[in-house]
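Just the heavy atoms: all of them, side chains too, but no hydrogens, waters or symmetry mates, feed the values below.
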Amino acid sequence: MTRTKTPRPPVARRRPHRTKIHGETLQDDYFWLREKENPAVISYLEAENAYAEALMKPTKTLQQTLYREMVARIKETDDSAPYKEGAYLYYTRIEQGQQYRLYCRKPARRKSEAEQVTLDLNLMARGHTFMAVGDYEVSADARLLAYTTDTTGFREYTLRVKDLSTDKHLRTRVERVSSVCWAADNRTLFYVVDDPVTKRSSRLYRQRLGERRELVYEEPDEMFNLEVSLTRSRAFVLITSASHTTSEVRYVAARRPDDEPRLVEPREQGHEYYLEHRSDRFYIRTNEGGARNFKLVVAPVGEPARRNWRELVAHREDVMLNDVDLFADFLVRSELEGGLPVLRVTDLDADGEAATHSVAFPEPAYEAEVGINMEFRTRRLRFNYQSLVTPPSVYDYDMQTREHHLLKRTPVLSGFDPADYRSERIHALASDGTRIPVSLVYKKELRGESARPLLLAGYGAYGLNYPVTFSIPRLALLDRGLIYAIAHIRGGGEMGKRWHEEGRMMRKMNTFTDFIATAEFLINEGYTTPAQLVITGGSAGGLLMGAVVNMRPELFRAVDTHVPFVDVINTMLDESLPLTVGEYQEWGDPHEPEAYRYIKSYSPYDNVEAKDYPAMLVQTSLNDSQVMYWEPAKYVARLRALKTDTQPLLLKTNMGAGHGGASGRYDALKEDAFEYAFMLNQLGIEE
């Protein structure tokens, strides 16, 4: 990084902490950084922030330029596409200069009436460094709003109830609520409360407003989390208890909220099933009988046990059934085929193959998902579509006539033309011969015979596919000549359950070697060179960054990682931390010798060595509850002590946010500008 005088980096003091396990002694010199209440920890993080700012001072003008570009491209006063629920249209809007959205509604039949602001997040955020809405549930009579907010970023949501007819809050206030829904009587709430230490969603309560709450069910297994929801038909409250590999569902008739929940099918290790409802049947997405990509069965509401299941959609080895949405006359299946999302619509009153069709999408790489659909008796499907070159778009789709109606496309100002950019879907070859999908986008005029700077992103965990989405801030990189690429590596879910299974537990190394193979492919095909290749990933994608940079540091010019899960061994040995026990089914349990040895072979923190590393920007948040701030802090401290190069190593901590970084839109854009300025500076692009 160009500068006249190099600031001295902070040096974290070493205080050895030893753990004996499987005949070994692990020494962690920076274990003390876990002490969040220790002033020395906060001082160290603030010193790292000051060091990062000092190193980035030469890019200040570039940061300001990038930020102004990003703001100039957004429509600062804008609203969302309204959705209908009962007698009202609900939407959000935001105004120029505001960090947060307003939640609003208008009568559906009298749209000329003045809007009602149900929540103003700008007012609610006063006095807080963070503000996010979790649940937003309106009672069937449209009078009461149950909603949850997080004011720290730690994913601790507080439940409040607002009377929309008087614009006053009721006395109800419940801490640590993770999901909530209304019963049909418009006065009974079901909600799930998290454990205060592990944050596991474990206790389901039923509360009639103004009365004492009642514990309905408590999940005893530490591997499982609870979620409560209401079917679109509004007929049943569903209580789903799920681990990463197993689930079971209970249900209560919404009109009889005082009934005891009925169990559909007892849990069985490795069996996942999920419910939806229509008429006198439950529709059940299940992986029973070896259907690892899931199949769809139906069962009578009165006797939904497995012995009464009847197959409706068979399991397919090359198609993943991700979700099912039911309407009064239609069934919508969200599937993945060939690594791309597919929406399949079935007219439940029609017969034969003609009853089912797929919604057509025009681009080689895209993201499509079912949107907000609150109405049960409708033939209109709300879905969201976007790609690397098409901004987020909201459609209403007539499931009978198959006509699309574009309701809203996110405006992109300052002369944006999607025709100026090109999106591709290509495939790299892994070391074992597996074809790895790669999505790319770049400015058409800049992609020629010569190699270009390239930003390669990856994740590869939990069976989640890396979304092929549009980004307004990313245009600042594309317009400066960068290619943006996504490596859809194993461990994710792009190619079905097999893709996940081949990149988890004792096969996790495939995730890292897939990413390296993708980088080598892009270099060999002339897209980029090691001197022009920047890589990025966050959370489990931060684990990916740490692992591959330990394995092949010479392959990359720079690394940008945010909230990285890099201290795998220590975190997975600590059962008191949020997520740890449930995560054994993704990474393995290091209390078991074989799993311990395998995890230790790739855990980034445990494999830092005395060698040269690329330039690195490591970002975290003090209130992150998913990847604790001390993981990246310890990682940077250890890298500083061991690495042999003079490349920049920056740790930047947001002292008032959580896993997703800043919650305000302008604050988030400033974080983007800082991050992009780091990348561009490393690539020698100064303006």
Side-chain angles (χ1 to χ4, degrees), residues 77-95 98-128 131-151 157-175 177-193 205-211 213 228-235 237 254-255 257 371-378 382 394 407-408 663:
T77 298
D78 199 10
D79 53 14
S80 67
Y83 64 87
K84 187 174 183 296
E85 182 176 3
Y88 287 88
L89 295 174
Y90 292 83
Y91 58 98
T92 65
R93 63 178 177 83
I94 196 165
E95 297 177 355
Q98 291 182 336
Q99 292 272 20
Y100 299 101
R101 288 187 169 271
L102 289 78
Y103 285 68
C104 310
R105 73 176 186 179
K106 285 184 177 182
R109 292 184 179 275
R110 301 185 304 278
K111 299 177 186 177
S112 60
E113 285 194 13
E115 72 174 11
Q116 178 183 10
V117 176
T118 61
L119 297 176
D120 184 343
L121 267 59
N122 298 284
L123 294 177
M124 295 161 61
R126 290 179 180 173
H128 302 290
M131 173 55 65
V133 172
D135 283 280
Y136 182 94
E137 303 292 336
V138 180
S139 59
D141 64 3
R143 190 173 70 88
L144 297 174
L145 168 64
Y147 69 95
T148 61
T149 54
D150 173 16
T151 58
Y157 288 87
T158 300
L159 170 65
R160 301 292 309 276
V161 178
K162 189 175 186 180
D163 188 331
L164 297 178
S165 65
T166 64
D167 206 33
K168 303 293 184 183
H169 281 90
L170 306 187
R171 294 181 62 183
T172 303
R173 185 186 184 98
V174 187
E175 305 296 330
V177 171
S178 55
S179 57
V180 60
C181 73
W182 289 100
D185 62 0
N186 300 308
R187 53 193 297 255
T188 299
L189 278 173
F190 287 88
Y191 55 83
V192 174
V193 172
Y205 289 94
R206 172 173 48 212
Q207 184 170 9
R208 188 170 285 108
L209 296 178
E211 300 181 13
R213 69 182 185 180
V228 67
S229 60
L230 188 66
T231 60
R232 185 174 284 111
S233 65
R234 291 187 174 268
V237 173
R255 293 185 178 279
I372 301 176
N373 292 271
M374 302 303 297
E375 297 291 291
F376 184 61
R377 300 189 179 281
T378 180
R382 174 71 55 86
V394 181
L407 296 177
K408 171 80 175 181
S663 57

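- Using a 4.0 Å cut-off between a side-chain N of Lys or Arg and a carboxylate O of Asp or Glu, Glu211 and Arg213 do not qualify as a salt bridge.
- With sequence neighbours excluded, the residues that form a side chain to side chain contact (heavy atoms under 4.5 Å, CB included) with Thr188 are Ala183, Asp185, Phe190, Arg206, Arg208, Pro257.
- Considering only residues two or more places apart in sequence or on other chains, Ala140 meets the side chain to side chain contact (heavy atoms under 4.5 Å, CB included) condition with Asn186, Arg234.
- Here SG of Cys181 is found 5.5 Å from CG of Leu230. Values are rounded to the nearest 0.5 Å.
- Judged as a side chain to side chain contact (heavy atoms under 4.5 Å, CB included), and not counting sequence neighbours, the contacts of Glu95 are Thr77, Arg93, Gln98.
- Judged purely by atom type and a 3.5 angstrom limit, Ser179 uses its side chain to pair as donor or acceptor with the backbone of Val228.
- Of all heavy-atom pairs between Ile94 and Tyr100, the closest is CG1-O, 3.4 Å.
- When all heavy atoms of Ala142 and Leu164 are compared, the closest pair comes out as O-CD1, 4.0 Å.
- Residues satisfying the side-chain hydrogen bond (donor to acceptor under 3.5 Å, both in side chains) test with Arg187, not counting sequence neighbours, are none.
- For Arg101 against Ser80, the heavy-atom pair with the smallest separation is NH1-N, 4.3 Å.
- Judged by distance alone, the side chain of Thr172 and the main-chain N or O of Val161 form no donor-acceptor pair under 3.5 Å.
- The shortest non-hydrogen separation linking Pro82 to Tyr91 is CA-CB, 3.9 Å.
- Checked against salt bridge (Lys or Arg N to Asp or Glu O under 4.0 Å), Asp78 has the following partners two or more places apart in sequence or in another chain: Lys408.
- Closest of all the heavy-atom pairs between Ala132 and Tyr157 is O-CE2, 4.0 Å.
- At least one donor-acceptor pair under 3.5 Å links the side chain of Lys162 to the backbone N or O of Thr118.
- By the side-chain hydrogen bond (donor to acceptor under 3.5 Å, both in side chains) test, Ser229 is found to be paired with no residue, residues two or more places apart in sequence or in another chain being considered.
- Using a 4.5 Å cut-off on side-chain heavy atoms (C-beta onward), Val177 and Thr158 make no contact.
- Taking the side-chain hydrogen bond (donor to acceptor under 3.5 Å, both in side chains) definition, one finds that Arg105 meets it with Tyr90, Gln116, sequence neighbours left out.
- Using a 4.5 Å cut-off on side-chain heavy atoms (C-beta onward), Asn122 and Leu102 make contact.
- Atom CD1 of Ile372 and atom CD of Glu85 lie 9.5 Å apart (nearest 0.5 Å).
- When all heavy atoms are compared, the tightest approach of Asp135 to Thr148 is N-OG1, 2.8 Å.
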task = Any chance you could lay out the side-chain contact (heavy atoms from CB on, under 4.5 Å) test for Val193 and Ser178, step after step, and finish with the verdict?
result = CA-CA 6 Å; Val193 172; Ser178 55; over 6 Å; no
key: Stepwise side-chain contact (heavy atoms from CB on, under 4.5 Å) check, Leu89 with Tyr83   = CA-CA 5 Å; Leu89 295 174; Tyr83 64 87; over 6 Å; no
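- In this structure, the separation between CH2 on Trp182 and CG on Leu145 is 8.5 Å, given to the nearest 0.5 Å.
- Here the NE2-CZ distance, from His169 to Arg171, works out to 14.5 Å after rounding to the nearest 0.5 Å.
- Salt bridge present: Glu375 and Lys84 bring a charged side-chain N and a carboxylate O closer than 4.0 Å.
- For Thr149, the side chain to side chain contact (heavy atoms under 4.5 Å, CB included) criterion is met by Met124, Met131, Val133, Tyr147, not counting sequence neighbours.
- Annotation: salt bridge (Lys or Arg N to Asp or Glu O under 4.0 Å) contacts of Arg232 (sequence neighbours excluded): Asp325.
- Proximity of Leu144 to Leu170: side-chain heavy atoms (C-beta onward) are separated by under 4.5 Å at one or more points.
- Residues passing the ring-ring contact (aromatic ring centres under 6.0 Å, His included) test with Tyr103, sequence neighbours excluded: Tyr136.
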query = Between Val180 and Val174, is a side-chain contact (heavy atoms from CB on, under 4.5 Å) present by the stated rule, with each step listed?
reply = CA-CA 11 Å; Val180 60; Val174 187; over 6 Å; no
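- With sequence neighbours excluded, the residues that form a salt bridge (Lys or Arg N to Asp or Glu O under 4.0 Å) with Arg382 are Asp396.
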Working for side-chain contact (heavy atoms from CB on, under 4.5 Å), residues Thr92 and Leu119 = CA-CA 9 Å; Thr92 65; Leu119 297 176; over 6 Å; no
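- Applying the salt bridge (Lys or Arg N to Asp or Glu O under 4.0 Å) test to Asp163 and every residue at least two apart in sequence or in another chain returns Arg143.
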